[in-house]
Amino acid sequence: MAHIPERMCVACRKMRPQNELIRFVRTDGGVKIDMNKKLFGRGAYICKDIGCIHLAAKKRGIERHFKCAVAREVYDEAEKLV
Ligand SMILES: [Zn+2]
């Protein structure tokens, strides 16, 4: 059985398999959603759950994880994925 790596959601702080999470990456052009698992760099994760995305937006979970600004549109874009 293949081992699926688990990552922690920045909103609810639960560990989940990567395929149940949306990955965000800090790039030179700002924080982006890693749609195709192609972006390199440090990642942050949020559950594919509208509640977690709202909570992360409210608590600025990704900002705190990367210690940088995150465009509001990044959270809006994540909402469209759930
Ligand atoms: Zn979560």
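Atoms within each ligand, like the ligands themselves, are counted from 1 in listed order. Index from 1, following the sequence.
- Residues Ile53 and Val31 are members of one and the same hydrophobic cluster, defined by side-chain heavy-atom contacts under 4.5 angstrom among Ile, Leu, Val, Met, Phe, Trp and Tyr.
- Under the salt bridge (charged side-chain N to carboxylate O under 4.0 Å, His left out) criterion, Arg72 pairs with Asp76, Glu79, not counting sequence neighbours.
- Distance CG/Asp49 to SG/Cys9: 8.0 Å, rounded to 0.5 Å.
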May I have the step-by-step check of side chain to side chain contact (heavy atoms under 4.5 Å, CB included) for Val82 and Ile22, ending in yes or no? CA-CA 9 Å; Val82 301; Ile22 299 168; 4.1 Å; yes
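- More than 12 heavy atoms of other residues, nucleotides or ligands shown are found within 6.0 angstrom of NZ on Lys59.
- Taking a cut-off of 2.8 Å, the protein N, O or S atoms nearer than that to the Zn ion (ligand 1) are Cys9 SG, Cys12 SG, Cys47 SG, Cys52 SG.
- Here the side chain of Arg23 pairs a donor or acceptor atom with the backbone of Leu39 at under 3.5 angstrom.
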